[in-house]
**Student:** 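Here it is: the structure, laid out below.
Starting from 1, each residue takes its place in the sequence as its number. In each ligand, atom 1 is the first atom listed, and ligand 1 is the first ligand listed. Scope of the values below: all heavy atoms of this structure, side chains included, with no hydrogens, waters or symmetry mates.
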Amino acid sequence: MPQPIPAIDDVAVNLGERSYVVRVGQGLIARAGAEIAPLLKRPRVWVVTEATVAGLHLEPLRAGLSAADIAMEALILPPGESTKSWPHLERTVEWLLDQKVERGDIVVALGGGVIGDLVGFAAAILRRGVRFVQIPTSLLAQVDSSVGGKTGINTAQGKNLVGAFHQPSLVLADIDALDTLPGRDFLAGYGEVVKYGLLGDAAFFDWLDANGPALAAGDKALRQQAVRHSVRMKADIVERDETEQGDRALLNLGHTFGHALESATGYSDRLLHGEGVAIGCLLAFDLSARLGLCSQEAPARVADHLQRMGMKRALAEIPGDLPGRDALIALMAQDKKVQAGRMRFILARAIGDSFVTADVPRETLAALLDEALKAR
Ligand code: GLY
(Lines give C-alpha, C1' and ligand atoms only; values in the text may rest on other atoms or scores of the structure.)
Protein backbone atom coordinates (compact mmCIF):
# COMPACT_ATOMS: atom_id res chain seq x y z
CA MET A 1 0.00 0.00 0.00
CA PRO A 2 1.41 3.44 -0.81
CA GLN A 3 2.27 5.37 2.31
CA PRO A 4 0.53 8.72 2.78
CA ILE A 5 2.89 11.63 2.15
CA PRO A 6 3.49 13.32 5.52
CA ALA A 7 2.26 16.89 5.66
CA ILE A 8 4.70 19.73 5.26
CA ASP A 9 4.52 22.62 7.73
CA ASP A 10 5.02 26.15 6.50
CA VAL A 11 6.36 28.82 8.82
CA ALA A 12 6.10 32.31 7.36
CA VAL A 13 8.81 34.82 8.19
CA ASN A 14 7.08 38.17 7.66
CA LEU A 15 9.63 40.84 6.86
CA GLY A 16 7.89 42.97 4.25
CA GLU A 17 9.58 42.60 0.88
CA ARG A 18 12.15 40.25 2.45
CA SER A 19 9.45 37.77 3.60
CA TYR A 20 9.86 34.07 2.93
CA VAL A 21 8.62 30.68 4.00
CA VAL A 22 10.43 27.97 5.94
CA ARG A 23 9.04 24.61 4.82
CA VAL A 24 9.51 21.82 7.37
CA GLY A 25 8.83 18.20 6.52
CA GLN A 26 9.97 14.97 4.97
CA GLY A 27 11.05 14.50 1.35
CA LEU A 28 11.84 18.16 0.67
CA ILE A 29 15.23 17.49 -0.93
CA ALA A 30 13.58 14.97 -3.27
CA ARG A 31 11.05 17.60 -4.34
CA ALA A 32 13.44 20.57 -4.30
CA GLY A 33 12.86 21.22 -8.01
CA ALA A 34 9.13 21.78 -7.59
CA GLU A 35 9.81 23.93 -4.50
CA ILE A 36 12.46 26.14 -6.09
CA ALA A 37 11.04 26.38 -9.65
CA PRO A 38 8.68 29.31 -8.91
CA LEU A 39 11.69 31.42 -7.86
CA LEU A 40 13.70 30.87 -11.03
CA LYS A 41 14.09 33.11 -14.07
CA ARG A 42 15.99 30.36 -15.90
CA PRO A 43 16.05 26.60 -15.14
CA ARG A 44 19.46 26.40 -13.45
CA VAL A 45 20.79 26.71 -9.91
CA TRP A 46 24.24 26.87 -8.31
CA VAL A 47 24.67 24.72 -5.22
CA VAL A 48 27.45 25.25 -2.69
CA THR A 49 27.98 22.46 -0.19
CA GLU A 50 30.73 20.57 1.68
CA ALA A 51 32.20 17.15 1.08
CA THR A 52 30.43 15.17 3.83
CA VAL A 53 27.01 16.59 3.01
CA ALA A 54 27.69 16.21 -0.72
CA GLY A 55 28.29 12.49 -0.24
CA LEU A 56 24.88 12.13 1.40
CA HIS A 57 22.59 14.67 -0.22
CA LEU A 58 24.01 16.14 -3.46
CA GLU A 59 22.85 13.42 -5.87
CA PRO A 60 19.35 13.26 -4.28
CA LEU A 61 19.20 17.05 -4.68
CA ARG A 62 20.33 16.82 -8.31
CA ALA A 63 17.60 14.22 -8.95
CA GLY A 64 15.01 16.37 -7.17
CA LEU A 65 15.94 19.38 -9.29
CA SER A 66 16.10 17.46 -12.51
CA ALA A 67 12.58 16.11 -11.89
CA ALA A 68 11.51 19.72 -12.50
CA ASP A 69 13.99 20.11 -15.42
CA ILE A 70 16.32 22.32 -13.38
CA ALA A 71 20.05 21.96 -14.08
CA MET A 72 22.55 22.21 -11.24
CA GLU A 73 26.23 23.12 -10.92
CA ALA A 74 27.93 22.37 -7.60
CA LEU A 75 30.93 23.65 -5.67
CA ILE A 76 32.07 21.24 -2.94
CA LEU A 77 34.07 22.82 -0.11
CA PRO A 78 35.89 21.06 2.74
CA PRO A 79 33.79 20.28 5.83
CA GLY A 80 34.41 22.02 9.15
CA GLU A 81 34.33 25.43 10.81
CA SER A 82 37.54 26.58 9.09
CA THR A 83 35.62 26.73 5.81
CA LYS A 84 33.79 29.80 7.18
CA SER A 85 36.76 31.98 6.29
CA TRP A 86 38.05 34.65 3.89
CA PRO A 87 39.77 32.12 1.56
CA HIS A 88 36.63 30.03 1.09
CA LEU A 89 34.46 33.12 0.75
CA GLU A 90 36.76 34.30 -2.04
CA ARG A 91 36.70 30.87 -3.66
CA THR A 92 32.89 30.75 -3.51
CA VAL A 93 32.36 34.25 -4.89
CA GLU A 94 34.89 33.71 -7.69
CA TRP A 95 33.30 30.37 -8.60
CA LEU A 96 29.86 32.00 -8.78
CA LEU A 97 31.28 34.79 -10.97
CA ASP A 98 33.09 32.27 -13.20
CA GLN A 99 29.77 30.46 -13.52
CA LYS A 100 28.25 33.75 -14.67
CA VAL A 101 25.57 33.69 -12.02
CA GLU A 102 23.30 36.66 -12.68
CA ARG A 103 21.43 38.99 -10.39
CA GLY A 104 18.14 37.17 -11.05
CA ASP A 105 19.54 33.68 -10.34
CA ILE A 106 19.30 31.56 -7.22
CA VAL A 107 22.24 30.17 -5.25
CA VAL A 108 21.55 27.17 -3.01
CA ALA A 109 23.29 26.54 0.33
CA LEU A 110 23.17 22.79 1.04
CA GLY A 111 24.60 21.88 4.45
CA GLY A 112 24.86 22.87 8.08
CA GLY A 113 25.48 26.23 9.69
CA VAL A 114 28.96 26.74 8.24
CA ILE A 115 27.74 26.40 4.66
CA GLY A 116 24.55 28.39 5.28
CA ASP A 117 26.46 31.32 6.81
CA LEU A 118 29.24 31.33 4.20
CA VAL A 119 27.01 30.93 1.15
CA GLY A 120 24.48 33.43 2.48
CA PHE A 121 27.30 35.97 2.83
CA ALA A 122 28.63 35.19 -0.64
CA ALA A 123 25.09 35.72 -2.00
CA ALA A 124 24.82 39.00 -0.06
CA ILE A 125 27.91 40.50 -1.69
CA LEU A 126 27.79 38.90 -5.15
CA ARG A 127 26.70 41.58 -7.62
CA ARG A 128 25.52 43.54 -4.52
CA GLY A 129 23.11 40.78 -3.61
CA VAL A 130 21.61 37.72 -5.27
CA ARG A 131 18.83 35.55 -3.85
CA PHE A 132 19.62 32.28 -2.13
CA VAL A 133 17.80 29.22 -0.83
CA GLN A 134 18.82 27.46 2.36
CA ILE A 135 18.61 23.67 2.49
CA PRO A 136 19.82 23.04 6.05
CA THR A 137 20.88 19.45 6.71
CA SER A 138 21.80 19.65 10.41
CA LEU A 139 19.37 20.13 13.30
CA LEU A 140 21.25 23.24 14.37
CA ALA A 141 20.93 24.78 10.92
CA GLN A 142 17.24 23.84 10.64
CA VAL A 143 16.22 25.43 13.94
CA ASP A 144 18.62 28.35 14.04
CA SER A 145 21.20 29.39 11.48
CA SER A 146 19.17 28.96 8.26
CA VAL A 147 16.42 31.27 9.54
CA GLY A 148 16.72 34.99 10.16
CA GLY A 149 19.30 36.12 7.64
CA LYS A 150 22.49 36.28 9.71
CA THR A 151 25.33 35.40 7.34
CA GLY A 152 29.08 35.71 7.68
CA ILE A 153 32.50 34.27 8.26
CA ASN A 154 35.00 33.95 11.09
CA THR A 155 38.27 35.89 11.22
CA ALA A 156 41.41 35.64 13.32
CA GLN A 157 39.71 38.05 15.76
CA GLY A 158 36.69 35.84 16.43
CA LYS A 159 33.55 34.10 15.24
CA ASN A 160 30.99 35.73 12.93
CA LEU A 161 32.68 39.12 13.13
CA VAL A 162 32.32 39.81 9.40
CA GLY A 163 28.99 39.37 7.69
CA ALA A 164 25.68 40.80 6.59
CA PHE A 165 21.99 40.44 7.21
CA HIS A 166 20.72 38.78 4.04
CA GLN A 167 17.45 36.88 4.22
CA PRO A 168 17.03 33.71 2.15
CA SER A 169 14.18 33.49 -0.39
CA LEU A 170 13.12 30.05 0.83
CA VAL A 171 14.24 27.52 3.45
CA LEU A 172 13.67 23.79 2.91
CA ALA A 173 14.17 21.97 6.24
CA ASP A 174 14.03 18.31 5.25
CA ILE A 175 13.46 16.22 8.37
CA ASP A 176 14.78 13.12 6.55
CA ALA A 177 18.24 14.75 6.40
CA LEU A 178 18.45 14.49 10.19
CA ASP A 179 18.61 10.68 9.87
CA THR A 180 22.16 10.99 8.53
CA LEU A 181 23.48 13.02 11.47
CA PRO A 182 25.85 11.39 13.96
CA GLY A 183 24.14 11.19 17.39
CA ARG A 184 26.52 13.71 18.91
CA ASP A 185 25.72 16.30 16.20
CA PHE A 186 22.00 15.72 16.62
CA LEU A 187 22.22 16.30 20.37
CA ALA A 188 24.38 19.38 19.87
CA GLY A 189 21.65 20.80 17.60
CA TYR A 190 19.12 19.86 20.24
CA GLY A 191 20.95 22.31 22.54
CA GLU A 192 19.52 25.09 20.33
CA VAL A 193 16.04 23.51 20.43
CA VAL A 194 15.94 23.37 24.22
CA LYS A 195 17.19 26.97 24.25
CA TYR A 196 13.86 28.10 22.72
CA GLY A 197 11.87 26.54 25.57
CA LEU A 198 14.22 28.02 28.14
CA LEU A 199 14.22 31.51 26.69
CA GLY A 200 10.54 31.99 26.01
CA ASP A 201 8.17 29.03 26.21
CA ALA A 202 7.82 26.98 29.40
CA ALA A 203 5.15 24.75 27.80
CA PHE A 204 7.59 23.90 24.99
CA PHE A 205 10.23 23.01 27.58
CA ASP A 206 7.71 20.71 29.30
CA TRP A 207 6.90 19.15 25.92
CA LEU A 208 10.62 18.60 25.24
CA ASP A 209 11.09 17.17 28.72
CA ALA A 210 8.40 14.61 27.92
CA ASN A 211 9.26 13.95 24.26
CA GLY A 212 12.99 14.75 23.95
CA PRO A 213 14.27 11.19 24.37
CA ALA A 214 11.86 9.77 21.71
CA LEU A 215 12.68 12.66 19.41
CA ALA A 216 16.41 11.98 19.77
CA ALA A 217 15.79 8.27 19.19
CA GLY A 218 14.41 9.10 15.73
CA ASP A 219 10.67 9.79 15.91
CA LYS A 220 10.14 11.89 12.78
CA ALA A 221 6.76 13.34 13.69
CA LEU A 222 8.21 14.63 16.97
CA ARG A 223 11.28 15.96 15.17
CA GLN A 224 9.08 17.83 12.72
CA GLN A 225 7.02 19.32 15.56
CA ALA A 226 10.15 20.42 17.42
CA VAL A 227 11.74 21.99 14.32
CA ARG A 228 8.49 23.73 13.32
CA HIS A 229 7.97 25.15 16.81
CA SER A 230 11.58 26.31 17.12
CA VAL A 231 11.45 28.00 13.71
CA ARG A 232 8.14 29.67 14.61
CA MET A 233 9.68 31.03 17.80
CA LYS A 234 12.73 32.27 15.96
CA ALA A 235 10.60 33.81 13.20
CA ASP A 236 8.50 35.69 15.78
CA ILE A 237 11.62 37.18 17.35
CA VAL A 238 13.25 38.03 13.99
CA GLU A 239 10.01 39.70 12.81
CA ARG A 240 10.14 41.94 15.90
CA ASP A 241 13.84 42.72 15.67
CA GLU A 242 15.48 41.72 12.39
CA THR A 243 18.83 43.42 13.01
CA GLU A 244 19.21 42.68 16.74
CA GLN A 245 18.56 46.08 18.26
CA GLY A 246 16.70 44.45 21.17
CA ASP A 247 14.80 41.19 21.59
CA ARG A 248 16.81 39.18 19.09
CA ALA A 249 19.62 39.07 21.65
CA LEU A 250 17.43 36.63 23.62
CA LEU A 251 18.35 34.03 20.99
CA ASN A 252 21.83 34.23 22.49
CA LEU A 253 20.77 32.56 25.74
CA GLY A 254 23.71 30.36 26.73
CA HIS A 255 25.93 31.82 24.01
CA THR A 256 28.06 34.20 26.10
CA PHE A 257 29.32 31.28 28.16
CA GLY A 258 29.17 28.93 25.17
CA HIS A 259 31.27 31.12 22.87
CA ALA A 260 33.91 31.58 25.59
CA LEU A 261 34.10 27.80 26.09
CA GLU A 262 34.26 27.20 22.33
CA SER A 263 37.07 29.71 22.04
CA ALA A 264 38.86 28.14 25.05
CA THR A 265 38.68 24.73 23.38
CA GLY A 266 39.95 26.08 20.05
CA TYR A 267 36.64 25.54 18.17
CA SER A 268 37.62 21.89 18.05
CA ASP A 269 35.60 18.74 18.46
CA ARG A 270 36.31 18.92 22.20
CA LEU A 271 33.16 21.02 22.32
CA LEU A 272 30.58 21.46 19.56
CA HIS A 273 28.73 24.78 19.32
CA GLY A 274 25.41 23.34 20.48
CA GLU A 275 27.12 21.57 23.39
CA GLY A 276 28.61 24.89 24.47
CA VAL A 277 25.15 26.48 24.19
CA ALA A 278 23.55 23.77 26.38
CA ILE A 279 26.25 24.10 29.05
CA GLY A 280 25.96 27.90 28.70
CA CYS A 281 22.18 27.78 29.21
CA LEU A 282 22.65 25.86 32.43
CA LEU A 283 25.32 28.34 33.60
CA ALA A 284 22.94 31.23 32.75
CA PHE A 285 20.23 29.62 34.90
CA ASP A 286 22.75 28.95 37.71
CA LEU A 287 23.81 32.60 37.54
CA SER A 288 20.16 33.73 37.58
CA ALA A 289 19.50 31.61 40.69
CA ARG A 290 22.62 33.00 42.42
CA LEU A 291 21.38 36.52 41.72
CA GLY A 292 18.00 35.60 43.24
CA LEU A 293 16.25 36.15 39.90
CA CYS A 294 14.86 32.63 39.60
CA SER A 295 14.30 29.72 41.96
CA GLN A 296 17.00 27.08 42.60
CA GLU A 297 14.58 24.58 41.12
CA ALA A 298 14.90 26.10 37.63
CA PRO A 299 18.61 25.23 37.05
CA ALA A 300 17.99 21.84 38.70
CA ARG A 301 15.26 21.11 36.10
CA VAL A 302 17.49 22.23 33.25
CA ALA A 303 20.36 20.04 34.51
CA ASP A 304 18.05 17.07 34.92
CA HIS A 305 16.70 17.44 31.38
CA LEU A 306 20.18 17.69 29.82
CA GLN A 307 21.29 14.64 31.79
CA ARG A 308 18.30 12.58 30.69
CA MET A 309 19.04 13.57 27.09
CA GLY A 310 22.61 12.30 27.49
CA MET A 311 24.03 15.77 26.91
CA LYS A 312 27.06 17.46 28.40
CA ARG A 313 26.01 19.67 31.31
CA ALA A 314 29.14 20.70 33.15
CA LEU A 315 32.64 22.00 32.54
CA ALA A 316 33.92 18.69 33.95
CA GLU A 317 32.54 16.95 30.86
CA ILE A 318 34.69 18.99 28.47
CA PRO A 319 37.85 16.97 27.74
CA GLY A 320 41.30 18.54 28.17
CA ASP A 321 42.41 21.63 30.03
CA LEU A 322 40.38 24.81 30.37
CA PRO A 323 41.82 28.22 31.19
CA GLY A 324 41.15 29.73 34.60
CA ARG A 325 38.23 31.88 35.65
CA ASP A 326 39.76 35.25 34.65
CA ALA A 327 40.72 34.01 31.21
CA LEU A 328 37.19 32.72 30.69
CA ILE A 329 35.74 36.07 31.75
CA ALA A 330 38.12 37.80 29.31
CA LEU A 331 36.83 35.53 26.53
CA MET A 332 33.25 36.34 27.51
CA ALA A 333 34.08 40.03 27.18
CA GLN A 334 34.73 39.46 23.42
CA ASP A 335 30.99 38.89 23.03
CA LYS A 336 29.16 40.94 20.37
CA LYS A 337 26.58 41.94 22.98
CA VAL A 338 29.18 44.01 24.86
CA GLN A 339 28.05 47.65 24.87
CA ALA A 340 30.21 50.55 26.06
CA GLY A 341 32.58 47.98 27.52
CA ARG A 342 29.85 46.32 29.64
CA MET A 343 29.05 42.65 29.21
CA ARG A 344 25.38 41.89 28.69
CA PHE A 345 23.85 38.60 29.73
CA ILE A 346 20.67 36.73 28.93
CA LEU A 347 19.31 35.70 32.32
CA ALA A 348 16.01 34.18 33.41
CA ARG A 349 13.23 34.81 35.91
CA ALA A 350 11.98 31.28 35.28
CA ILE A 351 12.08 28.60 32.59
CA GLY A 352 10.52 30.35 29.58
CA ASP A 353 11.08 33.88 30.87
CA SER A 354 14.44 35.35 29.88
CA PHE A 355 15.67 38.91 29.54
CA VAL A 356 18.81 40.89 28.68
CA THR A 357 20.77 42.65 31.41
CA ALA A 358 24.15 44.25 32.03
CA ASP A 359 23.56 44.06 35.75
CA VAL A 360 25.78 41.16 36.79
CA PRO A 361 28.34 41.82 39.54
CA ARG A 362 31.74 40.50 38.53
CA GLU A 363 32.17 38.74 41.89
CA THR A 364 28.98 36.69 41.37
CA LEU A 365 30.15 35.65 37.90
CA ALA A 366 33.62 34.85 39.29
CA ALA A 367 32.15 32.74 42.12
CA LEU A 368 29.98 30.80 39.66
CA LEU A 369 32.94 30.05 37.38
CA ASP A 370 35.23 29.18 40.32
CA GLU A 371 32.74 26.61 41.47
CA ALA A 372 32.12 25.24 37.97
CA LEU A 373 35.89 24.93 37.36
CA LYS A 374 36.51 23.40 40.81
CA ALA A 375 34.06 20.60 40.01
CA ARG A 376 36.39 19.48 37.18
N1 GLY B 1 21.54 32.63 16.14
C2 GLY B 1 21.08 33.82 16.71
C3 GLY B 1 20.36 34.73 15.78
O4 GLY B 1 20.08 34.34 14.66
O5 GLY B 1 20.05 35.82 16.13
**Student:** Any side-chain donor-acceptor pair under 3.5 Å between His255 and Glu192?
**Tutor:**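 There is such a pair (donor and acceptor under 3.5 Å, judged by atom type) between the side chains of His255 and Glu192.
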
**Student:** Kindly indicate whether a cation-pi arrangement holds for Arg290 with Phe285, taking the cut-offs as under 6.0 Å to the six-membered ring centre and within 45° of the axis.
**Tutor:**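 So Arg290 doesn't make the cation-pi contact.
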
**Student:** Give me the pairs of N or O atoms, one from ligand 1 and one from the protein, that sit under 3.5 Å apart.
**Tutor:**
from: ligand 1; atom 1: 1 (N); to: Asp144; atom 2: OD1; distance (Å): 3.0
from: ligand 1; atom 1: 1 (N); to: Asp144; atom 2: OD2; distance (Å): 3.2
from: ligand 1; atom 1: 4 (O); to: Lys234; atom 2: NZ; distance (Å): 2.6
from: ligand 1; atom 1: 4 (O); to: Arg248; atom 2: NH2; distance (Å): 2.8
from: ligand 1; atom 1: 5 (O); to: Lys150; atom 2: NZ; distance (Å): 2.8
from: ligand 1; atom 1: 5 (O); to: Arg248; atom 2: NE; distance (Å): 2.7
from: ligand 1; atom 1: 5 (O); to: Arg248; atom 2: NH2; distance (Å): 3.4

**Student:** Can you say whether the rings of Phe205 and His305 are parallel (under 30°), tilted (30 to 60°) or perpendicular (over 60°)?
**Tutor:**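 If you compare the ring of Phe205 with that of His305, the planes turn out perpendicular.
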
**Student:** Gln245 and Thr243: side-chain donor and acceptor closer than 3.5 Å?
**Tutor:**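 Indeed, the side chains of Gln245 and Thr243 share at least one donor-acceptor pair under 3.5 Å.
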
**Student:** Can you name the residues that form a side-chain hydrogen bond (donor to acceptor under 3.5 Å, both in side chains) with Thr180, not counting sequence neighbours?
**Tutor:**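 His57.
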
**Student:** Please check: side-chain N/O of Lys84 versus main-chain N/O of Gly152, any donor-acceptor pairing under 3.5 Å?
**Tutor:**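 No; zero donor-acceptor contacts below 3.5 Å.
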
